[in-house]
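Please read the structure below before turning to the comments.
Labels below follow one simple rule: chain letters A, B, ... track the order of the sequence lines, proteins then strands, and each chain is numbered from 1.
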2 protein chains.
Amino acid sequence: MGLSKHDEFALRDNRIARYAKALAHPARVAILRFLIHKRSCVCGDIVDELPLSQSTVSQHLKELKTAGLIQGDIDGAKVCYCIDHKEWAAAKKFLGEFMDGFRSEDLECCTPVGKSIAIKR
Amino acid sequence: MGLSKHDEFALRDNRIARYAKALAHPARVAILRFLIHKRSCVCGDIVDELPLSQSTVSQHLKELKTAGLIQGDIDGAKVCYCIDHKEWAAAKKFLGEFMDGFRSEDLECCTPVGKSIAIKR
DNA sequence: GATGATGATCGTAAAAATACGATAGCAAGG
DNA sequence: CCTTGCTATCGTATTTTTACGATCATCATC
């Protein structure tokens, strides 16, 4: 037990989950925001910006790379990280389409509007 | 160590992370997709649809509730789950704005286009 | 009130994520 | 070549997530 059954779900849902997971920690959101506004793209500069150690930031960067959202290029002694615009576009598409799937217009759930009671049993 | 420093990040980034975390597992994506297309909104029907046990599904539902994306209303012996359209709209806004922050047009990272080399040291 | 169905919660176990210090590898400069 | 600065990786500890079976609480029905 506890062994994450990702294989048994649709590819599309796994992909959405993969992108979402990359954004599922505030440090990674902050890193991406930093890269987006390209105040720099050097690892060290990111470390200075966050309340985390260098090794932890490096680990988060690795996860962002694994998710595909960023790319790391060696630039001499430093490493330049930047958004992978192709994967970024894909993530935007997958997440966006999923979120757009729900339209509040055709909202007619079990309980009529107003009768909605907070669940506590 | 290992004690998630969420407090030290911006509220906005924490909120984005919270929504993203809700979508960070394919089971939860599948549950939301199911609710979106409202083939039903009863817990039992969701369990039938997924390769997971009832207790695990219930746990995922709880996390979706914690994230705010869904709402559970008691309907007799059953419980009706539905998308919380207000929070859903907020999530769409927060995630969408964040993703839109990057525009590939003004893409000019450290390495000139083409020189991008896969990192492996 | 007993019974059956539904769904939450508890207890538990395994896996993954988070975080850090220490260390290793590499490039640049002295 | 030796040092210095930058980043990855290793080892480790802690916390959180994922998953299940068992059980409990509630509602509906008999």
Please report the distance, rounded to the nearest Å, between [atom1] in [X] and [atom2] in [N].
{"X": "Gln59(A)", "N": "dA19(C)", "atom1": "CD", "atom2": "C1'", "answer": "7 Å"}
{"X": "Asp73(B)", "N": "dT6(C)", "atom1": "CG", "atom2": "C1'", "answer": "16 Å"}
{"X": "Ile31(A)", "N": "dT18(C)", "atom1": "CD1", "atom2": "C1'", "answer": "13 Å"}
{"X": "Asp75(B)", "N": "dA5(C)", "atom1": "CG", "atom2": "P", "answer": "18 Å"}
{"X": "His25(B)", "N": "dA16(C)", "atom1": "NE2", "atom2": "P", "answer": "11 Å"}
{"X": "Ile74(B)", "N": "dG7(C)", "atom1": "CD1", "atom2": "C1'", "answer": "10 Å"}
{"X": "Lys78(A)", "N": "dA28(C)", "atom1": "NZ", "atom2": "C1'", "answer": "11 Å"}
{"X": "Glu63(A)", "N": "dT9(D)", "atom1": "CD", "atom2": "C1'", "answer": "14 Å"}

### Query
Base, sugar-phosphate, or nothing: which does Leu61(A) touch, judged by heavy atoms less than 4.0 Å apart?
nothing
### Query
Between Asp73(B) and Val79(B), does a side-chain contact (heavy atoms from CB on, under 4.5 Å) hold up when you go through it step by step?
CA-CA 6 Å; Asp73(B) 299 312; Val79(B) 174; 6.0 Å; no
### Task
Write out all pairs satisfying salt bridge (Lys or Arg N to Asp or Glu O under 4.0 Å) with one or both partners inside residues 92-101 of chain B, taking only residues at least two apart or from two chains.
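Residue pairs with at least one partner in residues 92-101 of chain B: Lys92(A)-Asp100(B), Asp100(A)-Lys92(B), Lys93(B)-Glu97(B).
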### Summary
residues 4-19 of chain B vs salt bridge (Lys or Arg N to Asp or Glu O under 4.0 Å), sequence neighbours excluded, gives Arg33(A)-Asp13(B)
### Message
Please find the pair of heavy atoms, one from Ile36(B) and one from Phe98(A), that lie closest to each other, and give the distance.
### Response
CD1-O, 4.1 Å
Ignoring the backbone of [X], work out which of [options] is nearest its side chain.
{"X": "Ser53(A)", "options": "dC20(C), dA19(C), dC20(D)", "result": "dC20(C)"}
{"X": "Ser55(A)", "options": "dG21(C), dT7(D), dA19(D)", "result": "dG21(C)"}
{"X": "Cys43(A)", "options": "dT7(D), dT9(D), dT9(C)", "result": "dT7(D)"}
{"X": "Gln54(A)", "options": "dA22(C), dA19(C), dC20(D)", "result": "dA22(C)"}
{"X": "Thr56(B)", "options": "dA8(C), dA22(D), dA19(D)", "result": "dA19(D)"}
{"X": "His60(B)", "options": "dC27(D), dG7(C), dA19(D)", "result": "dA19(D)"}

Only counting residues at least two apart or in another chain, list the ones meeting side chain to side chain contact (heavy atoms under 4.5 Å, CB included) with [X].
{"X": "Ser55(A)", "value": "Ser53(A)"}
{"X": "Ala27(A)", "value": "His25(A), Leu52(A), His60(A), Phe9(B)"}
{"X": "Gln54(A)", "value": "Val47(A), Ser58(A)"}

### Task
Give a yes/no answer on whether the side chain of Arg28(A) brings an N or O atom under 4.0 Å of OP1 or OP2 in dA17(C).
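Checking dA17(C) against Arg28(A), no side-chain N or O comes under 4.0 Å of OP1 or OP2.
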### Task
Kindly state which residues belonging to residues 6-24 of chain B come within less than 4.0 angstrom of DNA chain C, counting heavy atoms of the residue only, listed by number.
none
